[in-house]
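Heavy-atom basis, side chains included; hydrogens, waters and symmetry copies ignored. Proteins come first, then strands; the chains are lettered A, B, ... in the order of their sequence lines, and each starts at number 1. Everything numeric in this text was worked out from a predicted model, so none of it was measured.
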Amino acid sequence: MRVSIERDDDEAPLAARVRLLEGLVGRTEVADCAQFALQWLGEVAGVPQSVCLIRPNSEHALFVVGAYGMLGPAVTSYTVSLDDWSNPLVSILAQRTPIFFARAHATADRNRRPSTPFEDAAYHALPLGAPGVSDEAFGLLLLGDPGRRVPELQWFTIVFSQKLDQILRYQALADGDQRQSRERSLLTSIINAVSDPILLTDTDGRLAIANARALTLFTATEEDSDGRRRAVRMNTMLLSSALSSKAIEETGASRRELLLVNPTDGSDLVFELLSTVTEDSRQGTGVVSILRNVTDLRRASEEIEDNYRKMRVAEVQARGESDRLNLIIDSVADPIVATDASGATSLMNEPAERLFTTPARASADEQRWVQTNDAHFSSFIAGMLVRADQRRVGEIGLVDPKTGEPMPVEAIAGKIVSEQGELTAVVTILHDRREAIEKAKLYEQLKRASDELERKIQAATADIAQQNELLRRQAIELEQASQLKSQFLANMSHEFRTPLNAILGYTSMVLQGLGGPIEPGAKRQLRRIESNGRHLLTIINEILDISRIEAGRMPLQISRLRIPDLVTEVKAELEPIIIRSKIAVSSQLDKDLPILVTDRQKVKQILLNLLSNALKFTHHGNVTITARRYPRERAVTVSVTDTGIGIAPADQEKIFEDFRQLDNSPTRAYGGTGLGLSICRRLAEMMDGRITVESQVGKGSTFTLTLPVKSAGGRR
Amino acid sequence: MTTKHERPRVLVVDDYPDAREMYSEYLEFSGFEVVEAVNGMEALQRAIDSAPDIILMDLSLPVMDGWEATRRLKADERTRSIPVVALTGHALAGISEGAKGAGCDAFVTKPCLPEDLVREIRAILDERSSGRKMSVKKSPRGGKYARRVR
C-alpha cells in the first residue's frame with residue numbers, strides 16, 4: 001500500500017487535518033458530512049475516487065450517502081444488502097478489517113469480486129464504525145487506488161467514523177423520541193376509535209388507562225349531575241367486583257357478562273367483559289379489560305328468536321294452508337296442472353297425474369298415451385306462454401291412458417302474475433268433455449225420439465180428428481135415425497090407433513047391444529076382443545112414452561100441484577078398478593103439505609101406475625096412499641103401500657128395467673107391458689125426483705115417489 | 001042441457017069412414033043429431049050451414065087439416081062460439097098445444113071409446129050451458145091466476 005500525500009509532510013498534514021476537523025464540526029447531516037469528507041480526501045489526500053455507504057437505523061442494507069470523482073446512477077442507486085453473507089463487503093462490516101481489491105484481469109477474478117461502481121479497477125474497502133465499541137460497523141468507505149500510500153487515511157477514518165457515529169446517535173435519539181410520542185398518540189386515537197370501552201386497571205380495579213367510551217362510563221367530574229355521578233359510582237363498583245372476583249379465580253382471558261347503567265340516560269346496558277391479566281416488570285400486574293356492548297346484540301338476538309318463532313308459526317300456518325290447498329286441489333275431480341313460467345310442471349292434482357304421469361308398472365301403450373297427452377298439453381301451454389292473453393280456453397284431444405279411449409277436454413288456463421308484473425305460473429283446469437258430448441248425443445237421440453213421438457201424436461191426432469168427424473157424422477146420423485125412429489113410432493102409433501079405435505069402439509057398441517041382442521057366448525068372446533084391444537092400446541101408449549122420453553120429446557109442463565087434489569083425482573080415475581078388485585084404498589096425508597111446482601101430468605101418470613100396480617098385485621088386505629113432507633130436506637114423498645105378493649130383494653132393482661115383469665112366462669098371471677115402472681122412474685128423474693121400493697115377499701110392497709119442493713119462481 | 005036444436009047437433013069431422021060412422025052411429029044412438037064432414041073445407045061449410053052445438057074435429061085431414069079448419073072457425077063470427085073438440089091419434093107432445101093454439105076447446109086422444117066421447121061431449125055442453133051462469137063465479141079465479149103470473 002502506498003500513501004500519496006507525502007509531499008506536505010511537515011506542515012501540510014497538520015493544516016489539512018485542521019481543515020477537515022473545522023469542516024466537520026458544523027455539519028449535522030450525514031450526507032453533508034460525507035460529501036465534505038470525501039472531497040477533503042480527494043483534494044488533500046489525493047484519493048481520486050471514493051464512495052461512502054451508511055446503514056440507516058431501520059434498514060438492513062447499505063446506501064450511498066456521498067461520492068467523490070464518480071458520477072451517474074451506477075453510483076447513486078448502488079446498495080449492498082446485509083443479508084448477502086457471501087458478499088465480502090458484508091463480512092468487512094462484522095470483522096471491521098479493511099480489504100484491498102486488486103484490479104481484475106480475468107473472468108474468474110470478476111466472479112470473486114463483489115459488484116461495485118469501481119467495476120474492474122482496484123479499490124480499498126474500509127469499515128466505518130464507532131471506535132472502541134464492539135458493535136458492528138455502520139458503514140463502508142470504498143476508495144479508488146491512489147497508487148501510493150496515504151498516511152492520513154487511518155486518522156481520517158477514525159475522525160470520520162466518530163463524526164458519523166455522533167450524527168447517527170443524535171438522529172437515532174431524535175427519531176426515538178418522536179416515534180414514542182407519535183406511537184402514544186396513535187395508540188390513544190386507536191383505543192379511542194374503538195367504540196367498545198377499553199381499560200387498564202391494576203389488580204384492585206383502579207383505573208390506569210381508559211379510552212373515551214370507558215371514561216363516559218366510569219368517570220365523572222364535579223360538574224356532572226348527581227344521577228350521572230351515582231351511575232358512574234355504581235358502574236365502577238360493578239366493574240371492580242367483576243374484575244376482583246375474576247382475578248381471584250383465574251388467570252388468562254375470560255368472558256363474562258356485565259350489566260352497567262348508561263350514565264347519560266339511565267338505561268340498562270349489557271356488556272360482555274373480556275379481561276386479560278398482563279405482567280409487566282416495571283408497571284407490575286395489570287388487567288386489560290374490553291367491554292363489548294351486547295345490549296343491541298341481545299335485543300337483536302331476542303328479536304331474531306322472536307322472528308324465528310313467528311316464522312315457525314307462519315311456516316306451520318303456511319304448511320296447513322298448503323295442505324288444505326292440496327286437499328282442495330286433489331278433491332277436485334277435474335285435472336288441475338300448474339306450470340311455471342318456463343312451462344315446466346310445478347304441481348298437479350291426482351286426476352292430472354293419471355293423465356300425465358305413468359305408474360311404475362305402466363304398459364308400453366300407457367306410456368305412449370301419457371307421452372302423447374304430455375305433448376298435447378305442452379303445446380297448449382307453450383301457446384299460452386307466447387300469447388299476451390291472461391286467459392285461454394281451448395280444447396285438447398287427450399287420451400285416457402288406462403283405456404286408450406279419446407278424451408277430449410276443455411282446457412281453461414289462467415296466468416298468475418306477480419306484483420311486479422312477472423309471470424310466475426300458469427294454472428290450467430281440464431274439464432272432461434266426454435260426458436257433455438255423451439249428453440249431447442243422448443239429447444240428440446231424445447230429441448229425435450221426441451220428434452218421432454210428436455209426429456206420431458200429430459198423426460194420431462189427425463186420426464182422432466178424422467174419427468171424431470166420423471163419429472160426429474155418425475152421431476148426426478144416429479140423431480137423425482133416432483128422430484126418424486121417434487117419428488116412425490109416432491106415426492105407427494097413429495096408424496095403430498086409428499084401426500084400434502074402430503075395433504074397440506065397435507066392440508063396445510056391439511056389447512052395448514046397439515046392433516041388437518047377442519048370445520052370451522058371443523058376448524064373452526067380445527069381451528076377450530075388448531080386453532086384448534085395451535092391452536094392445538096400453539102397449540102402444542107405453543112404447544110411445546118410452547120413445548118420447550128417449551127422443552127428449554117429452555118436455556116438462558110446469559104447473560102448481562096440490563097433492564091432496566091429485567090423490568083424489570087418481571083414486572077417482574081408477575074407481576072402476578078399485579071397485580072391481582074389492583080392495584080398500586085409503587089415504588094418509590100430512591097436513592100443510594106444500595104446493596109443488598112441477599109437471600102435474602107426469603106426477604099423475606106415476607101415481608096412476610103405482611096405484612094400479614098395487615091393486616093388480618094385491619089379493620087381500622088393503623092399499624094405502626101416504627103423503628109426507630120433509631121441510632128440512634125440502635122434499636115430499638108420496639107412497640103407495642100394499643099387502644100384496646111382494647118382491648124378493650134380488651128382484652127389487654130389476655122391476656125398474658124395460659119390459660120387466662117378474663113372471664116372464666107367456667101365460668103370465670098379470671097383465672101389463674112391463675114398461676110401467678121403467679117409465680115412472682124416468683119421469684121421476686126428469687122432475688129431479690126418484691122412486692124407491694121396500695118390499696117383503698108375501699107381506700107387501702111400498703113404492704115411494706120423492707119429489708123436491710121448489711118455489712114457483714125456481715123453475716122460471 | 002040446452003041447445004039451439006031439438007036434439008044437440010054434433011058435427012063429426014073425420015076422413016076415416018069407420019071412425020066417423022062409428023061415432024055418428026053411437027052419437028045418434030045416444031040422442032044426438034049428427035052432421036058429418038070428411039075434410040076441413042067441408043067442415044067449415046057444414047059448420048055455417050047446420051050451426052052445430054059442438055064440433056068433433058079430427059086433426060089429420062085431407063084438403064084442409066083440423067088445425068087450419070079450427071083456426072078459421074074461431075076466426076069466423078058465425079062459428080066462433082061453437083066449441084071444438086079436437087080428436088087425434090097423434091100423441092106426440094105439442095099436438096094438444098097446437099090444437100089449443102088453433103082454438104080447440106078440448107082435446108081427446110084416439111082411441112076413444114064412443115061412450116067416453118059422448119061423456120066428454122056432454123060434459124062440455126053442460127059446462128057451456130051452466131058456464132054462462134058460472135062465468136061470473138069463474139072469472140076471479142082466472143084473474144087471480146093472471147095476477148100471480150104478472
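- Note that R681(A) lies in the cation-pi zone of F656(A), set by a 6.0 Å cut-off to the ring centre and a 45° limit from the axis.
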side-chain contact (heavy atoms from CB on, under 4.5 Å) between Q557(A) and R600(A), intermediate numbers included: CA-CA 7 Å; Q557(A) 307 290 325; R600(A) 191 179 202 280; over 6 Å; no
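- Partners of R80(B) by side-chain hydrogen bond (donor to acceptor under 3.5 Å, both in side chains), not counting sequence neighbours: none found.
- Between chain B and the options L500(A), L537(A), L514(A), T498(A), the largest number of non-hydrogen pairs under 4.5 Å is found for L514(A).
- Heavy atoms closer than 4.5 Å to chain A are found in both the backbone and the side chain of Y26(B).
- Of the atoms belonging to L504(A), heavy atoms from both backbone and side chain fall under 4.5 Å from chain B.
- Shown here are the salt bridge (Lys or Arg N to Asp or Glu O under 4.0 Å) partners of D49(B), two or more places apart in sequence or in another chain: R46(B).
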